[in-house]
Amino acid sequence: MTTQQQYDAAALLASPVRRFLVELLEATAGDHPEGRTAAELAPDADLHVSTVRFHLDQLVAAGVLESSFQRRQSAGRPRKVYRPAPRTAPPAAGREPLRLLTQLLAEAMTASVHGEKVTPFEAGRRWAREHLASHPERTPADSTGVWLGRVGEVIDVLEDWGYQPEVSTSDGGRTARVELTDCPFLDLARDNEAVVCGVHRGLIAESLAQAGESEAQVALEPFVTENRCLAHIRTTTPFRSG
């Protein structure tokens, strides 16, 4: 599966209908190793066969499914059948970010269906609120060591999302400069910079909030080079003297 197909797959699988079709084909693969037709799947999906066929063909284009034509034993046109595509092992570093992005898109779509307005920034914050441990007992860091420990927790989250961040500090340790090189969603970010960068800014901001730094300032500089972005994270809390 190409990188672009992976991004397409993530977006397509945010749809509950498409996820259901994929899961249905996977669950029945043992009984139907040759695959199943859109007409056979339509009753289970409670959709018109043309709608099911449209979704299936989109999943084929993204590399999630594969299709083929099978001749009938009797007269008539060949049957077009669909089955899960063989799972070629993508790079281990790329699999988890794709899963996280798919999950975030699915959750944002569900919220939108229920009438909530979900911006990219809020989608990133929502993910962090729902998936990271909160520490309500913490107060904002009042020393360089504690503050950089909080930044380190954010770095752990970014590593889970597929980055290998490099951190430097300035202003007596109060500002952390985080280099984000080779974004796992680089192609998607080039075409949808506001969406992808908004998600990441929300993810960083809420990760800090969950770590006790809700007043920290977060800014992103996208594409300072061809494949590198910068995040600037600054505490607004005075450090204790001595």
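For this chain, numbers begin at 1 and follow the sequence in order.
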Are the charged groups of [X] and [Y] less than 4.0 angstrom apart, N to O?
X	Y	value
Glu215	Arg234	no
Asp44	Arg36	yes
Arg19	Glu26	no

Quick one: closest heavy-atom pair of [X] and [Y], and the distance?
X	Y	value
Gly35	Val81	C-CB, 3.9 Å
Val157	Ser207	CG1-OG, 4.0 Å
Cys197	Pro222	SG-CB, 3.7 Å
Leu220	Ala231	CD2-CB, 3.4 Å
Val218	Ala205	CG2-CA, 4.0 Å
Ala42	Val52	CA-CG2, 3.8 Å

If the condition is side-chain contact (heavy atoms from CB on, under 4.5 Å), which residues does [X] pass it with, not counting sequence neighbours?
X	result
Ala216	Trp147, Leu208, Glu213
Asp57	Arg53, Lys80, Tyr82
Val224	Glu221, Arg228, Leu230
Glu226	Arg190

For this session: Would you kindly confirm whether Val154 and Val146 end up in one hydrophobic cluster when ILVMFWY residues are joined by side chain heavy atoms under 4.5 Å apart?
Result: no
Exercise. Cluster question for you: counting only ILVMFWY and a side-chain heavy-atom cut-off of under 4.5 Å, with indirect links fine, are Val17 and Val22 together?
Worked result: yes
Problem set entry | Residue list, salt bridge (Lys or Arg N to Asp or Glu O under 4.0 Å) with Arg83, at least two apart or on another chain | Glu66
Exercise. Is there a donor-acceptor contact under 3.5 Å from the side chain of His32 to the main chain of Thr28?
Worked result: no
Exercise. Do side-chain atoms of Glu40 reach the backbone of Thr37 as a donor and acceptor pair under 3.5 angstrom?
Worked result: yes
For this session: Before giving the answer on side-chain contact (heavy atoms from CB on, under 4.5 Å), spell out for Phe121 and Val199 the whole-Å C-alpha distance, their side-chain angles and the decisive distance to 0.1 Å.
Result: CA-CA 5 Å; Phe121 178 77; Val199 166; over 6 Å; no
For this session: Kindly say whether the aromatic ring centers of Tyr163 and His200 come within a distance under 6.0 Å.
Result: yes
Rounded to the nearest 0.5 Å, what's the gap from [atom1] on [X] to [atom2] on [Y]? Could you check?
X	Y	atom1	atom2	result
Ser134	Glu206	OG	CD	8.0 Å
Gln210	Arg125	CD	CZ	9.0 Å
Arg150	His135	CZ	NE2	8.5 Å
Ile233	Arg201	CD1	CZ	12.0 Å

Exercise. Between Leu158 and Ile204, is a side-chain contact (heavy atoms from CB on, under 4.5 Å) present by the stated rule, with each step listed?
Worked result: CA-CA 8 Å; Leu158 291 171; Ile204 293 170; 4.2 Å; yes
Are the side chains of [X] and [Y] in touch, meaning some heavy atoms are under 4.5 Å apart?
X	Y	result
Val60	Val64	no
Thr181	Thr225	no
Leu41	Val49	no
Leu21	Leu65	no

Exercise. Around Gln164, counting heavy atoms of other residues, nucleotides and ligands shown, do more than 12 lie under 6.0 Å from its CD?
Worked result: no
Show which side-chain atoms of residues 167-175 pair as donor or acceptor with protein atoms under 3.5 Å away, not counting sequence neighbours.
{"residue": "Arg174", "atom": "NH1", "partner": "Thr237", "partner atom": "O", "Å": "2.8"}
{"residue": "Arg174", "atom": "NH2", "partner": "Thr235", "partner atom": "O", "Å": "3.0"}
{"residue": "Arg174", "atom": "NH2", "partner": "Thr237", "partner atom": "O", "Å": "3.3"}

Exercise. Do Arg18 and His55 have side-chain atoms, one donor and one acceptor, less than 3.5 Å apart?
Worked result: yes
